[in-house]
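By convention in this document, chain letters (A, B, ...) are assigned in the order of the sequence lines, proteins followed by strands, and residues within each chain are numbered from 1.
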2 protein chains.
Amino acid sequence: MTWHSVHFDWNHLRAFLVTAEEGTLSAAAKALNSTQPTLSRQVCALEAELKVSLFERVGQRLVLTKSGLELLEHARIMGNAALDFALTATGQSQQIEGTVIVSAGELTATYILPKIIAKLRRLEPGIEIEVVVTNEPSDLKRREADIAIRSFHPKQPDLIAKKIGEEVIWLYASPDYLNQLAEISDYSQLENVHIIGFDQTSSVADILNQQGWNLSQQNFPVITPFQLLQLELCKEGLGLIFFPEQMGDPEPKLERAFEHMGPIMTLPVWLVCHQELRTSLRVRRVFDFIASEMQEIYKSPDQV
Amino acid sequence: MTWHSVHFDWNHLRAFLVTAEEGTLSAAAKALNSTQPTLSRQVCALEAELKVSLFERVGQRLVLTKSGLELLEHARIMGNAALDFALTATGQSQQIEGTVIVSAGELTATYILPKIIAKLRRLEPGIEIEVVVTNEPSDLKRREADIAIRSFHPKQPDLIAKKIGEEVIWLYASPDYLNQLAEISDYSQLENVHIIGFDQTSSVADILNQQGWNLSQQNFPVITPFQLLQLELCKEGLGLIFFPEQMGDPEPKLERAFEHMGPIMTLPVWLVCHQELRTSLRVRRVFDFIASEMQEIYKSPDQV
DNA sequence: TTTATGGTATACAAATTCGTATGACTTGGC
DNA sequence: GCCAAGTCATACGAATTTGTATACCATAAA
């Protein structure tokens, strides 16, 4: 086997890849925990090694040349291979010390995780936990997170998922606001009800309308995707919110609305992790611990 | 896009890959134009970065651990991507200066290439030619060569091939030896003829036996795959050799044997090159030049 | 036009990496 | 059993790469 063609500096290729993906040298430097001059030199060096002009320096902006665009495709393949390599490497690491990244939504991160993490840290002081709070599903493959808590089963076959339980969603409101709605028992009468929505899409309205409500955009005077703000607004009596019973019931200033009509919906709770990472002592420890602790919580919600 | 998991040193991964493939650090160092201590440190550094033990140091030999074996597969993918990257990069290089590697068999290298290379060097002083002389087909994909002269059409679809002509193979012998064989016209009488063979396999005998000869191992007292040695042995009168007429006819001390029976066989001559490289100014120039020069030669063999 | 912002390339000192030399060790052959 | 050959790891000076600071340029807004 000859390695003739592999003599160029692979780090320079990485510099090229990240620069091309990020758009600027400065951004690439930030992404790689490096500095802009370093990236600048590395890309230049790669161009010299290959005798190919990768970027065209037009003004302050770098724009890929035709050759650069073609080469970027191969560089991407290499980057993905590096990603896979890093992933299985983390999985192969048999040492318990290190960081585990957990991705969760705002509510889970706020109400569920703190006690679990505290308990885990007491049991395993060598494991450091990094929590990524996002309502978007993190890309486990790219290792934006090692473990994710999600409300849906992942499609990818290389992910493993464990079902923790069901999150029961009710409508909640402050006692004040509930008084204003008193006596109402028929959904169709709720023309002027206020609900604090997530975004401009009508998905929340759709769910309720399917259950007999008759809601339009006017029923959503305040909108925010930040659920903790929804909660505070609700406490102030600005309207109803969707909230899981595990988090909503313990809130002193919150009461279930229309309880006799039953819960709005239930969402499953999945704990997800990449297959490769299950072989890691560290990740497995955290995964199993979170799973057992959360299962305990979802069995008896009042413990939250 | 996050580059979280790509922070490890890609050159260290390359060091791991080449070391694993080559078997020892020293061999890997040679392959990478580096030194053994450097490779040693890089592999150690990678192990530290990943917190994974890649090799087990048993005695002086490095043997892959289970983790190392698993990671090697991903590293191989990355290596192949690097290969592809380098390949198209060379193709993208629009600079005429640089080295072009030509692979040829002994006879072509000795009789055909020198004049062509000399002429080319006069026309294109910026192009340096490296000739790889081997009877094995070079791996164009791994860039053991940029251009190869072969006697068969390549199967791989990503290679492009141009047919130069036909090599007509005769049996040749020294005048001395021919006199010993005088008067013989029937192949079946040639029980004691001596032929200088290539190797222990009976492929040469098979070819002749199919044409009515009756040869056994005894007819091949001297064997060598080195064709120039065959030639010299033939000149010394040790026996017959297979030789192309383009090279054999001009030899003063050589004559065709059994000419009236026609040539033994004809071999096509193909000029082969990787598709990606055709886009390189430099490689294309050499390819086209060799093609036209060789076609000229194979039209009128006496010019050799 | 002017100014503020965000970008790249260059200069030089500091930190890192590399190559040479060397030592300790294992394997294979005589 | 011993010697020769070949392996990997370590030490230290040299070479390379990196980061900080800075200059310079382009664009957008005032």
Does any non-hydrogen side-chain atom of B:I196 lie less than 4.5 Å from one of B:I223? no
How close or far is atom P of D:dG19 from atom CG of A:L39, stated in whole angstroms? 9 Å
Quick one, B:R14 with A:D9, criterion salt bridge (Lys or Arg N to Asp or Glu O under 4.0 Å). Give me CA distance, side-chain angles, the key distance, then yes/no. CA-CA 9 Å; B:R14 178 181 58 175; A:D9 194 306; 5.4 Å; no
What is the separation between atom CG on B:L54 and atom C1' on D:dC8, rounded to the nearest whole Å? 16 Å
Are B:S40 and D:dC8 close enough that a side-chain N or O sits under 4.0 Å from OP1 or OP2? no
Ignoring hydrogens and geometry beyond distance, is a side-chain donor-acceptor pair present between B:Q42 and B:N11 at under 3.5 Å? no
Between CD of A:E47 and P of C:dT8 the distance, given in whole Å, is 13 Å
For a 4.5 angstrom cut-off between non-hydrogen side-chain atoms, does B:E47 reach B:V52? no
Run the salt bridge (Lys or Arg N to Asp or Glu O under 4.0 Å) test against A:E124 and tell me which residues pass, sequence neighbours left out. A:R285
Tell me whether the side-chain N/O atoms of B:S26 come closer than 4.0 Å to OP1 or OP2 in D:dG6. no
In B/S/- notation (B base, S sugar-phosphate only, - none; protein heavy atoms under 4.0 Å), nucleotides 12-23 of chain C written 5' to 3' is ------BBBB--
Atom-pair distance (NZ on A:K30; C1' on C:dG7), nearest Å: 12 Å
Check against salt bridge (Lys or Arg N to Asp or Glu O under 4.0 Å), B:R282 and B:D146: CA-CA 10 Å; B:R282 180 167 74 245; B:D146 298 320; over 6 Å; no
Closest nucleotide among C:dG7, D:dC8, C:dA9 to the B:L62 side chain: D:dC8
Would you mind reading off the distance between A:L32 atom CG and D:dT18 atom C1', rounded to a whole angstrom? 14 Å
Here the distance between atom C1' of D:dT17 and atom CZ of A:R14, to the nearest Å, is 14 Å
